[in-house]
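Worksheet for the structure shown next.
The analysis underlying the following values was restricted to heavy atoms, covering all of them including side chains, and did not include hydrogens, waters or symmetry mates.
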Amino acid sequence: MFALVDGNNFYVSCERVFQPKLNEVPVVVLSNNDGAIISRSAEAKALGIGMGEPYFKLKPLLKQHQVRVFSSNYALYGDMSWRVTSYLASMVPEIEIYSIDECFLDLHGMERWHGDLEAFCRRIRAEVKRRTHIPTCVGIAPTKTLAKLANRLAKKRPELDGVLYLDSEQKRQWALEQIAVEDVWGIGRQYATKLYQLGVPTAAHLAKVSESWARKHLGAW
């Protein structure tokens, strides 16, 4: 099994660590040269502020809703990422840092030492929050692709309380049915458009296509 630990709204969460007054208010972080929105709090997302939108176009909306705006601070984000991954590395034999806010944990054989993997990952998630004040979600599954998919659902569905463990075929099928094909890891916008045209709208549909079908319609993908 693999787990993907992913920081929630990571850049915004890093800013909030040292400015608690930013909690529960709309916050965005801008890209280099303040060109575009690259991180949004949940409150900012609720205002309809999209990822990658040009800052200059959104200025009136941001001002209207008193959204707090920050230039990116990669030294801070790198330091917070190091704090999170250092703790994660102390908990499992092997990790893979996928990006500044995403880290895979190799959980093979960990049941022997820690029992139920979902309970183990919930403890890890709580400890990351206690140590760093960074909120995370965790997806657990037999492959890294499915772990990333599980993580996405853990973020979107509050009833999962931040952790989703795809430990059965029934759960994996359910999860695949919830994910639009454009949200599958490795599927870009161009492929997603083509897949919709071919009647493949979800990850569950994509999982059922044959290798020959994929080669015919998606080429080198």
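Judged by distance alone, the side chains of Ser41 and Glu43 do bring a donor and an acceptor atom under 3.5 Å apart. For Tyr191 and Glu182, the side-chain atoms include no donor-acceptor pair closer than 3.5 Å. No side-chain donor from either of Ser39 and Asn9 sits under 3.5 Å from a side-chain acceptor of the other.
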Exercise. Can Glu127 and Arg123 be said to form a salt bridge (charged side-chain N to carboxylate O under 4.0 Å, His left out), step by step?
Worked result: CA-CA 6 Å; Glu127 190 63 12; Arg123 291 197 298 273; over 6 Å; no

For this session: Before giving the answer on side-chain contact (heavy atoms from CB on, under 4.5 Å), spell out for Cys14 and Ile134 the whole-Å C-alpha distance, their side-chain angles and the decisive distance to 0.1 Å.
Result: CA-CA 7 Å; Cys14 291; Ile134 296 293; 4.0 Å; yes

Exercise. Salt bridge (charged side-chain N to carboxylate O under 4.0 Å, His left out) between Glu53 and Lys57: does it pass, once the steps are laid out?
Worked result: CA-CA 8 Å; Glu53 290 197 60; Lys57 287 187 176 179; over 6 Å; no

Exercise. Does the salt bridge (charged side-chain N to carboxylate O under 4.0 Å, His left out) test come out yes or no for Arg68 and Glu15, once each step is laid out?
Worked result: CA-CA 11 Å; Arg68 299 296 303 273; Glu15 299 290 348; over 6 Å; no

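The OG1 atom of Thr136 lies 8.0 Å from the CG atom of Leu88; values are rounded to the nearest 0.5 Å. Separation of atoms NZ (Lys155) and CG (Leu164) is listed at 13.5 Å; rounding is to 0.5 Å.
Listed for the Asp79 side chain is no donor-acceptor partner under 3.5 Å among the backbone atoms of Leu76. Side-chain atoms of Ser31 come within 3.5 Å of backbone N or O of Ala36 as a donor-acceptor pair. One N or O on the side chain of Asp116 and one on the backbone of Glu118 form a donor-acceptor pair closer than 3.5 Å. Although no hydrogens or angles enter the test, the distance criterion places a donor-acceptor pair under 3.5 Å between the side chain of Arg40 and the main chain of Ile49.
If you look at Tyr11 and Tyr74, their ring centroids are closer than 6.0 Å. Aromatic ring centres of Phe2 and His108 lie closer together than 6.0 Å.
Following chains of ILVMFWY side-chain contacts shorter than 4.5 Å, one cannot reach Leu117 starting from Leu4, and the two form parts of different hydrophobic clusters. If you chain together hydrophobic residues whose side chains sit under 4.5 Å apart, Val27 and Val17 fall into the same group. Follow the hydrophobic side-chain contacts under 4.5 Å out from Tyr98 and you never reach Ile140; the two are in separate clusters. Val67 and Met51 fall into different hydrophobic clusters, where Ile, Leu, Val, Met, Phe, Trp and Tyr residues are linked whenever their side-chain heavy atoms come under 4.5 Å apart, directly or through other members.
The pair Asp161-Arg122 counts as a salt bridge, with a side-chain nitrogen and a carboxylate oxygen less than 4.0 angstrom apart.
The aromatic rings of Tyr77 and Phe10 sit perpendicular to each other, their planes meeting at more than 60°, with 30° as the lower class boundary.
Tyr87 pairs in a side-chain contact (heavy atoms from CB on, under 4.5 Å) with only one of the listed residues (Ile124, Val5, Thr132), which is Ile124.
Looking only at side-chain heavy atoms (C-beta outward), Phe120 and Met91 come within less than 4.5 Å of each other.
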